[in-house]
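What follows is a single structure, written as C-alpha cells, with notes after it.
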Protein chains: 2
Amino acid sequence: MNPRVSLPAAESTRTKLLDAARDAFAAKGFHGTTTRDIAAAAGMSPAAVYVHHRTKESLLYAISLAGHEATVRSLREARDGAGTPPAQLAAMVHTFVMGHTLGHTMARVVNYELAALTDEHRATIDGLRHAIQLLIREVLAAGVESGDFDCGEIGMTTNAIMGMSIDVARWYVEDGDWSPERIAAHNAQMALRMAGYRGG
Amino acid sequence: MNPRVSLPAAESTRTKLLDAARDAFAAKGFHGTTTRDIAAAAGMSPAAVYVHHRTKESLLYAISLAGHEATVRSLREARDGAGTPPAQLAAMVHTFVMGHTLGHTMARVVNYELAALTDEHRATIDGLRHAIQLLIREVLAAGVESGDFDCGEIGMTTNAIMGMSIDVARWYVEDGDWSPERIAAHNAQMALRMAGYRGG
DNA sequence: ACGCTGACTAAGCGCTTGCTTAGCGTCGCA
DNA sequence: TGCGACGCTAAGCAAGCGCTTAGTCAGCGT
C-alpha cells in the first residue's frame with residue numbers, strides 16, 4: 001500500500017514534478033507557467049522544485065529530452081517490425097500519431113516550447129529532431145528506390161508527412177469524435193498516398 | 001518625404017506597434033514577450049503602447065483577428081477563382097501555404113498563441129477558425145460528390161490537409177532550400193493525393 | 001544516544017512585470 | 001493669441017516572478 005516500499009519518495013516526487021510541469025507547459029506555455037503553478041500541481045512547496053531541478057528550464061529540458069528519445073525509440077521499433085518501405089512508413093506514422101494523441105500534452109511541449117530551451121539544450125534536442133526526420137526520410141528514399149513510392153522532392157514530402165502528424169497534437173482533444181487509433185490509421189493511409197504508393 | 005503627409009502619425013505608429021508585437025510574439029511567445037520589448041522594437045516608450053491598446057492581450061487579439069480574416073478572404077478568393085473541386089482545393093492549399101511561408105511570423109502567432117486570448121476574444125477567433133476549416137471541408141465534400149475525390153472520413157482528411165499546411169509556419173525559414181512557391185505547389189499536390197484525386 | 005543525510009517548508013530577496021500617472025510639446029481651430 | 005485634443009515620455013506603483021536562505025524533521029548507520 002505504501003508507495004515508498006516499491007518506489008523511493010524522491011523518485012515518485014521527481015516524476016510527479018515532471019508530470020505537473022509537462023501539463024502546465026502544455027496548457028499555458030513555458031513562460032506562462034510559474035514555478036508556483038508546478039509546485040502546487042505536484043502538491044508541494046515552490047522551494048521543493050529546486051531540490052530536484054536547478055532551474056525551471058532544466059525541467060523543460062528533462063521533459064523535452066525524454067519525449068524526443070521516446071519518439072526515436074518508438075519509430076525505430078515500428079520500422080524494424082515491418083518488412084517493406086510501405087509497411088514501414090505506415091507503421092511509423094501510425095506509431096508517431098498514436099504518440100501525439102495519447103501523449104498530446106507531452107507532444108505539445110516537445111514541439112512548441114523549443115524556443116524556451118537554452119542554446120546548449122536546444123542543440124541537443126535539435127540533434128534528436130534531426131534523427132527523427134531522418135528516420136522518415138530514409139524510409140521514403142528506400143521506397144522510391146524499390147519503386148514502391150513516387151514522390152517528388154523527398155525532403156518536402158518528409159516535412160509534409162511529419163507536419164500533418166505533429167499538428168495532430170495541436171488539435172486533438174480527448175473524448176472527441178475520433179479515437180487515437182482511428183486518427184493514426186487514417187494518417188498512415190494519408191502518408192502512403194502522399195508518398196505516391198502505387199498499391200493501397 | 002515626411003510620412004505624416006501621406007499617413008497620420010498615429011496610424012503609422014499603430015502598425016509599427018502591431019508589427020513589432022507580431023514579430024516578438026512569434027519569436028518568444030505571448031508570455032515570453034514584455035511590453036517593453038514591443039515598445040523598444042517599435043522605437044517608443046513603454047507607455048506609448050497603451051495610447052493605442054488598452055492591454056497587451058488586445059494587441060494579440062488585433063493581430064490574431066487581422067490574420068484570421070486575411071486567411072478567410074484569401075481562401076474564398078482562391079476558391080472562387082477556380083472551377084472544379086480539384087482546382088479549387090489545389091488553389092486554396094497553394095494560397096494557404098503561401099500565406100504561411102511569406103507570413104510565417106503572423107502564422108505562428110495566429111496558430112500557436114490562441115491560449116493567451118481572453119475567453120471572449122478566443123470565442124470570436126474560434127468562429128473564424130471554424131469558418132476556415134469549413135471552407136476546406138466543403139471543397140472536399142464537393143469533390144467526393146462530383147466523383148473527383150475519394151477520401152474516407154472527410155473531417156479527418158480536412159484536419160490532415162490543414163495540419164500539413166499550418167505546420168509549414170513552424171518549420172519554414174527564410175533563405176532555406178525551398179521557396180514559398182515550391183512549398184506551396186508541393187503541398188497543393190499532396191492535398192490532391194490525400195483527397196484521393198483520380199487525376200493528377 | 002548520536003550526528004549525518006536528504007527531502008521538504010516558511011519566508012523572503014531582488015528584480016521584472018503589466019500598467020498608470022503626471023506632465024510636456026505640437027497641432028488644428030477659434 | 002489662446003486653448004483643448006492628441007501623441008508621447010519619464011517615472012514609478014503594486015503585484016508577481018525565479019530562485020535562495022535558514023531551518024525542520026524523519027530515517028539510518030554507528
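Convention: sequence-line order gives letters A, B, ...; per-chain numbering from 1. Because only heavy atoms are used, hydrogens play no part in the values below, and waters and symmetry mates are left out as well, while side chains stay in.
- There is a side-chain donor-acceptor pair under 3.5 Å between H100(B) and N111(B).
- Checking the phosphate oxygens (OP1, OP2) of dC8(D), a side-chain nitrogen or oxygen of T13(B) falls inside 4.0 Å.
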Intermediate values then yes/no, salt bridge (charged side-chain N to carboxylate O under 4.0 Å, His left out), R129(A) and D126(A): CA-CA 5 Å; R129(A) 293 184 75 81; D126(A) 279 346; 5.1 Å; no

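- The separation between L59(B) atom CG and dC19(C) atom C1' is 13 Å, rounded to whole Å.
- Counting only heavy atoms from C-beta on, T35(A) has its side chain closest to dC19(D) among dG18(C), dA7(C), dC19(D).
- Look at R170(A) and D167(A) and you find a salt bridge, because one of the NZ, NE, NH1 or NH2 atoms lies within 4.0 Å of a carboxylate O, short of that distance.
- The side chain of P46(A) lies closest to dC19(D), out of dC8(C), dC17(D), dC19(D).
- As judged by a 4.0 angstrom heavy-atom cut-off over every strand, T34(A) is placed among residues touching the sugar-phosphate backbone only.
- Listed nucleotides: dC19(D), dG18(C), dC19(C). Nearest to the side chain of Y50(A): dC19(D).
- Note: CG (D37(B)) to P (dC19(C)) measures 14 Å, nearest angstrom.
- C151(B) places a side-chain heavy atom less than 4.5 Å from the side chain of R193(A).
- Distances from the side chain of A47(A) to the nucleotides dG18(C), dT9(D), dA11(C) place dA11(C) closest.
- As a whole-Å value, the separation of I38(A) CD1 from dG16(D) C1' is 15 Å.
- For a distance-only test at 3.5 Å, the side chain of R36(B) qualifies as a donor-acceptor partner of the base of dG18(C).
- Counting to the nearest Å, the P atom of dT20(C) and the CZ atom of R54(B) are 8 Å from each other.
- Within the structure, a side-chain polar atom (N or O) of H52(B) is placed less than 4.0 Å from OP1 or OP2 of dC8(D).
- Following rounding to the nearest Å, H31(A) (NE2) and dC17(D) (C1') show an atom-to-atom distance of 13 Å.
- In this structure, M44(B) places its CE atom 12 Å from P of dA10(D), rounding to the nearest Å.
- Checking Q88(A) against D80(A) by side-chain atom types alone, no donor-acceptor pair falls below 3.5 Å.
- With rounding to whole Å, H53(A) atom NE2 is found 15 Å from dG18(D) atom P.
- Remark: C1' of dT16(C) and NZ of K56(A) are 13 Å apart, rounded to the nearest angstrom.
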